[in-house]
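One structure below.
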Amino acid sequence: MLGWPGYVFYFIAALGAVGGALGVVLLRNAFYSVLALVWHLVSLAALFMLLRAEFVAAAQVIVYAGAVMVLYVFVVAYVGGGEERPIGPMMRLLGPLFGLALAIELCFAFFGSALKAIGTMGAHVNVLGFGTPRHIGALFLTTYLFPFEVASLLLLVAAVGAVVLARRRRGLEPDEPLRRRLARPRPRWTGTMAEAGGVLRPLPAVEEVGPLTTAGERSTQPSAAATSPRAAAAREEGGW
Amino acid sequence: MSIGWFLAISAIIFAIGAAGVLTRRNPLVILLCLELMLNGANLALISFARMHGGEAGQVFALVVLAVAAAEVTIGLGLIVAIHRRNLPIDVDELSRLNG
């Protein structure tokens, strides 16, 4: 494909990719595994460059090694990736055996197939135009428009799902000084939203402040939505 | 250099990832090994795209990249939720749904 410099480049990149993959599996500390995966991804991007996939290589480095791996590093630092318990002797033996069998089977599937082009350097392509963002973008916006839109929808769902999964479940801690300040009586017509809705707020006394409630309800001040006639009418009509 | 060299590397990376999913207990590392398997598949896709001389395989590889990003986001969100509940970060301990 590129003569002997291509072979040198290929062997360096392939050794880096396989070594990084082995590092991910063999290193005991999760943090080192993440760093090994970064190394693996950069080496794999070099292999993509050899296959004339410049745009995919750039996207791999930017999206994977840049963004996703930062997310991993943050989560490992948050969770605390310490040493994990070693697995039992049975899986320690069977896991690598399964991996070896899978690799041999995949090589049989590749090289035992009737694809004659596997032994060649690939079809003749225009070196200057193949794999550029222009061609990939044209394909994404014409032939593969539907997968493109589905992928963007999937990313949106994933972002919302991550926020829902990782949110705080207990709510905010009760803040006693802030609560006392909010419960302090104020003169009428000083511009609260309840007054704008036509409700004259009763003046609460500090002594009447009830027990601490964490669910967000204030026992001393009836909220605007509960008392205003407009709010009641809206509730009867089916809510806001 | 023929396409077969790249396919052999992709098979090896996929197998290493599969062995890692089986032999590790930390769900973070299991997610990393899933990434390895997806990357092996990506390398095969791009090799075949080069073999055929069309860019469709590269488009598929980019879609796989987006799917992997979504999977990582959800997986890490689950791990953070597990950590918040003070459960052990260990897939053998988290076996309540295991029939």
| said: Quick one, A/V25 and B/L36 - any side-chain contact, counting heavy atoms below 4.5 Å? | reply: yes
| note | With chain A, the option among B/T73, B/V29, B/L76 that has the most non-hydrogen atom pairs under 4.5 Å is B/L76
| Shortest non-hydrogen contact between A/A14 and B/I9, atoms and distance | CB-CD1, 3.7 Å
| Portion of A/F108 that has a non-hydrogen atom of chain B nearer than 4.5 angstrom | neither
| note | One option among A/F130, A/F111, A/F140, A/Y144 has the most heavy-atom pairs under 4.5 Å with chain B, and it is A/F130
| note | Turns out that what part of A/L37 lies under 4.5 Å from chain B's heavy atoms comes down to side chain
| note | Bottom line for A/V150: the part with an atom under 4.5 Å from chain B's heavy atoms is neither
| note | One option among A/V163, A/V56, A/L22 has the most heavy-atom pairs under 4.5 Å with chain B, and it is A/V56
| note | Here the gap from B/F48 atom CZ to A/F110 atom CZ, rounded to the nearest 0.5 Å, amounts to 5.0 Å
Enumerate, atom names and distances included, each donor-acceptor pair closer than 3.5 Å involving a side-chain atom of residues 63-80 of chain A, sequence neighbours excluded.
from: A/Y64; atom 1: OH; to: B/E35; atom 2: OE1; distance (Å): 2.7
from: A/Y78; atom 1: OH; to: B/R84; atom 2: NE; distance (Å): 3.3

| Heavy-atom closest pair, residues B/A11 and A/L106 | CB-CB, 3.6 Å
| Closest contact, heavy atoms only, B/I16 versus A/A21 | CG2-O, 3.6 Å
| query | Taking all non-hydrogen atoms of both residues, which atom of A/G99 and which atom of B/A19 are closest, and how far apart? | reply | CA-CB, 4.1 Å
| field | Interface residue of largest heavy-atom contact number with chain B, from A/L26, A/V157, A/L27, under 4.5 Å | value | A/L27
| query | Got a second to check how far A/L139's CG is from B/F60's CZ, nearest 0.5 Å? | reply | 9.5 Å
| query | Counting only heavy atoms not in A/M91, do more than 12 fall under 6.0 Å of its CE? | reply | yes
| field | Side chain, backbone, both or neither of B/L43 within contact of chain A (heavy atoms, under 4.5 Å) | value | both
| Closest non-hydrogen atom pair between A/G95 and B/T23, with its separation | CA-CG2, 3.6 Å
| said: Please classify the contact between B/I82 and chain A as side chain, backbone, both or neither, with a heavy-atom cut-off of under 4.5 Å. | reply: neither
| Gap between atom CG of A/L51 and atom CZ of B/F6 - 0.5 Å precision | 4.0 Å
| query | Looking at CG of B/L31 and OG of A/S33, how far apart are the two atoms once the value is rounded to the nearest 0.5 Å? | reply | 12.0 Å
| query | Does any heavy atom of chain B fall under 4.5 Å from the side chain of A/L44, the backbone, both, or neither of them? | reply | side chain
| note | Checked B/L62, B/L78, B/V21 vs chain A; the most non-hydrogen pairs under 4.5 Å come from B/L62
| Has the side chain of B/E55 got a donor or acceptor atom that lies under 3.5 Å from a matching backbone atom of A/G131? | yes
| said: Just verifying a value: how many Å separate B/N39 CG and A/F48 CZ, rounded to the nearest 0.5 Å? | reply: 6.5 Å
| message | If the condition is side-chain contact (heavy atoms from CB on, under 4.5 Å), which residues does A/E105 pass it with, not counting sequence neighbours? | response | A/L102
| query | Hey, does B/Q58 have a side-chain heavy atom less than 4.5 Å from the side chain of A/I136? | reply | yes
| query | Between CZ of A/R52 and CD1 of B/I46, what distance do you get to the nearest 0.5 Å? | reply | 13.5 Å
| Where does A/F148 contact chain B at under 4.5 Å (heavy atoms): side chain, backbone, both or neither? | neither
| query | What part of B/A56 lies closer than 4.5 angstrom to a heavy atom of chain A: side chain, backbone, both or neither? | reply | both
| request: State, to 0.1 Å, how close B/I74 and A/A158 come at their nearest heavy-atom pair, and which atoms those are. | output: CD1-O, 3.7 Å
